[in-house]
Amino acid sequence: MKFRNFKMVDYVVYGRGSFNQLDEILAPHRKQGAPMVFLIDYFFQGKPLVNRVPVRGNDKVIFADVTYEPKTTYVDKLSNELKDLYGAVSGVIGIGGGSTMDLAKAVSLMMNNSGSSADYQGWDLVKKPGVYKAGIPTLSGTGAEVSRTTVLTGPTKKLGMNSDFTPFDQIVLDPELTANAPVNQRFYTGMDCYIHCIESLQGTYLNEFSKSYGEKALELCQYVFLEKERWDEECDDKLMMASYAGGMSIAYSQVGVAHAVSYGLSYLLGTKHGIGNCIVMNHLEEYYPEGVKEFKRMVDKNKIDIPEGICKGLSDEQFDTMINVSIGMKPLWENALGKDWEKKMTREKLRKLYEKL
Ligand code: NAD
Ligand code: ZN
């Protein structure tokens, strides 16, 4: 038995208005002549948050285009441009949802590693630490703020740069920043966290470490999505901590069926992570009976539409592509169904599941 010895985020600040401390937090990490790069979700372009970003000297603000989930080509473009412009930078600060945070992690790593980010998609392939990096979520749920991966779509695969160099040096958890998230987006990303909890707590990899974080995150999700009458500041506070705890839970276990199936959708159809997980979760009664029942109550209570019929009319070849991507996620299946998962989840069975979505 080899126990995972996992690298965590170095510094965490939490609280409403903690974003105002960013200038002070970054000061010791500024290097002479090397700018801080603020990679900000393009949603905030022209919004008041931009004026609160502590831009000094030759600092650079880049608005991250997150129309698509991060691609290795985009990471390479951003890091090569920064290398050409400045040679070295003091740090990369990602302000946004999971996509922007993942981009920031990847760009930070690529500032100090040669070649393309696609060369490092996998486990422990990154050779050198990146430049200083901080993550500041503006949506809660993915757990990208605490994870040791950055999910990238590359030329041949959708896979993260998983490494001990990947976690942020600093995260700033300020629930005020999530206040304006549209109801649907907030739900989809929030359900990513809820699904992390169900998959972790119902998985065979479960241990007390994951369970402790998973149960807390689950309780927070239940409170904000079921018990509360109306969404308010308390919900933003709680969902931000749910995301953190949910991320900590899967860090020491694994996700499961919803993620494994949703990866296939995302690879073939470009379906985004949060909504993709919801589309799949809607049909997983067989695997997570209680969780799916509760998920459906959350959908109803929050008046959310979950798309149906997205696999209608796909060709055999397209189904095969999704099945290949999904079946390839071995640890997820093993966590969900046990060591003999290949007997339980056959290609035929998976095809039937995809046909339902
Ligand atoms: P996202 O970052 O893709 O953003 C979704 C949309 O919300 C975008 O249009 C964005 O502009 C907008 N947005 C962000 N903040 C907003 C705000 N405060 N108000 C209004 N709009 C806002 O969404 P996400 O669900 O947070 O992240 C999904 C991404 O995270 C995927 O790329 C997925 O692969 C990745 N992910 C990473 C990990 C990890 O461990 N690294 C885990 C799960 C998911
Ligand atoms: Zn997820």
Side-chain angles (χ1 to χ4, degrees), residues 6 9 19 39-50 63-72 74-75 94-106 109 121 133 135-154 158-163 166-168 171 174-200 217 236 239-240 242-244 246-251 253-263 265-267 270-278 280-281 329 332:
F6 85 92
V9 165
F19 185 80
L39 194 56
I40 308 176
D41 192 311
Y42 70 168
F43 167 82
F44 291 102
Q45 202 159 7
K47 303 256 165 38
L49 181 69
V50 177
F63 289 102
D65 181 348
V66 295
T67 316
Y68 305 104
E69 295 192 345
K71 292 190 167 86
T72 53
Y74 192 34
V75 170
I95 306 174
S99 296
T100 306
M101 288 193 282
D102 274 1
L103 272 175
K105 290 191 211 179
L109 292 172
Q121 286 181 281
K133 55 183 166 331
I136 308 181
T138 64
L139 281 174
S140 295
T142 63
E145 64 277 20
V146 290
S147 76
R148 85 190 278 280
T149 189
T150 153
V151 185
L152 301 177
T153 305
K158 181 173 178 188
L159 188 60
M161 296 165 82
N162 295 264
S163 84
T166 309
F168 284 117
I171 55 176
D174 183 344
E176 266 177 21
L177 305 185
T178 65
N180 299 319
V183 175
N184 276 300
Q185 184 62 56
R186 184 175 67 202
F187 186 84
Y188 298 142
T189 304
M191 280 305 108
D192 190 20
C193 175
Y194 176 77
I195 294 168
H196 291 159
C197 296
I198 301 298
E199 292 179 322
S200 172
D236 285 325
L239 191 57
M240 190 159 268
S243 177
Y244 179 94
M248 292 295 285
S249 180
I250 49 172
S253 60
Q254 192 38 281
V255 288
V257 182
H259 277 74
V261 177
S262 137
Y263 266 99
L265 295 179
S266 142
Y267 188 82
T271 315
K272 293 193 169 186
H273 190 82
I275 193 167
N277 284 342
C278 288
V280 180
M281 189 68 174
M329 315 297 290
L332 283 65

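Note that ligands are numbered from 1 as they come in the structure, with each ligand's atoms numbered from 1 the same way.
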Query raised in the report: Has ligand 1 got any nitrogen or oxygen that is less than 3.5 angstrom from a nitrogen or oxygen of Gly98?
Result: yes
Requested in this report: For the pair His196 and His273, name the ring-plane relationship: parallel under 30°, tilted 30 to 60°, perpendicular over 60°.
Outcome: tilted
Report task. Identify, for atom 1 (P) of ligand 1, the protein heavy atom at the shortest distance, and state residue, atom and that distance. Result -> Ser99 OG, 3.5 Å
Query raised in the report: Taking both backbone and side-chain atoms of Thr100, is any N or O found less than 3.5 Å from an N or O belonging to ligand 1?
Result: no
Report summary line: If you scan protein heavy atoms around atom 33 (C) of ligand 1, the nearest is His273 CB, 3.7 Å
Query raised in the report: So do the side chains of Lys158 and Tyr263 get within less than 4.5 Å of each other, counting heavy atoms only?
Result: yes
Query - Non-hydrogen atoms of Ala181 and Leu139 that approach each other most closely - result: CB-CD2, 3.6 Å
Requested in this report: Would you mind reporting whether Val280 and Leu265 have side-chain heavy atoms less than 4.5 Å apart?
Outcome: yes
Requested in this report: Could you tell me which atoms of ligand 1, counted from 1 in the order shown, lie closer than 4.0 angstrom to a heavy atom of Gly97?
Outcome: 2 (O), 26 (O)
Query raised in the report: If we only count N/O pairs under 3.5 Å, is Thr138 in contact with ligand 1?
Result: yes
Requested in this report: Might you point out which heavy atoms bring Ala144 and Asp102 nearest each other, and give the distance in Å?
Outcome: CB-OD1, 3.8 Å
Query raised in the report: In terms of atom number and element, which parts of ligand 1 are under 4.0 angstrom from non-hydrogen atoms of Phe44?
Result: 17 (C), 18 (N)
Query raised in the report: Is the NZ or CZ atom of Lys272 positioned over Tyr188's six-membered ring, under 6.0 angstrom from the centre and within 45° of the axis?
Result: no
Report task. Report, rounded to 10°, the angle at the Zn ion (ligand 2) between the two atoms OD1 (Asp192) and NE2 (His196). Result -> 90°
Query - Over 12 foreign heavy atoms within 6.0 Å of OH, Tyr68 - result: no
Query raised in the report: Which atoms of ligand 1 are found less than 4.0 Å from any heavy atom of Thr149?
Result: 39 (C), 40 (O), 41 (N)
Query raised in the report: Between the side chain of Thr189 and the main-chain N/O of Arg186, is any donor-acceptor distance below 3.5 Å?
Result: no
Query - Distance from atom 40 (O) of ligand 1 to nearest protein heavy atom, with residue and atom - result: Ser147 OG, 2.6 Å
Report summary line: Within the 4.0 Å heavy-atom cut-off, what Leu177 brings close to ligand 1 is backbone
Report summary line: Closest to atom 42 (C) of ligand 1 among protein heavy atoms sits Thr142 O, 3.4 Å
Query - Where ligand 1 meets Val66 - atom numbers and elements under 4.0 angstrom, heavy-atom basis - result: 8 (C), 10 (C), 11 (O)
Report task. Could you find the nearest protein heavy atom to atom 25 (O) of ligand 1 and give me its residue, atom name and distance? Result -> Thr189 OG1, 2.8 Å
Report summary line: For Pro70, the ligand 1 atoms with a heavy-atom partner under 4.0 Å come out as 32 (O)
Report summary line: Within 4.0 Å of some non-hydrogen atom of Pro182, the atoms of ligand 1 are 20 (C), 21 (N)
Report summary line: Taking only non-hydrogen atoms of Ala144 and a 4.0 Å limit, the atoms of ligand 1 in range are 37 (C), 38 (C), 39 (C), 40 (O), 41 (N)
Query raised in the report: Does an N or O anywhere in Lys158 fall below 3.5 Å from an N or O of ligand 1?
Result: no
Query - ligand 1-proximal atoms of Asp102, by part, heavy-atom distance under 4.0 Å - result: side chain
Report task. Would you mind checking which non-hydrogen protein atom is closest to atom 4 (O) of ligand 1, with the distance to 0.1 Å? Result -> Leu139 CD1, 3.6 Å
Query raised in the report: To the nearest 0.1 Å, how far is atom 10 (C) of ligand 1 from its closest protein heavy atom, and which atom is that?
Result: Asp41 OD2, 3.2 Å
Query raised in the report: Is the Zn ion (ligand 2) less than 2.8 Å from at least one N/O/S atom of Cys193?
Result: no
Report summary line: Note: NE2(His259)-the Zn ion (ligand 2)-NE2(His273) angle, rounded to 10 degrees, equals 100°
Report summary line: Note: ligand 1 atoms sitting under 4.0 Å from heavy atoms of Tyr42 are 11 (O)
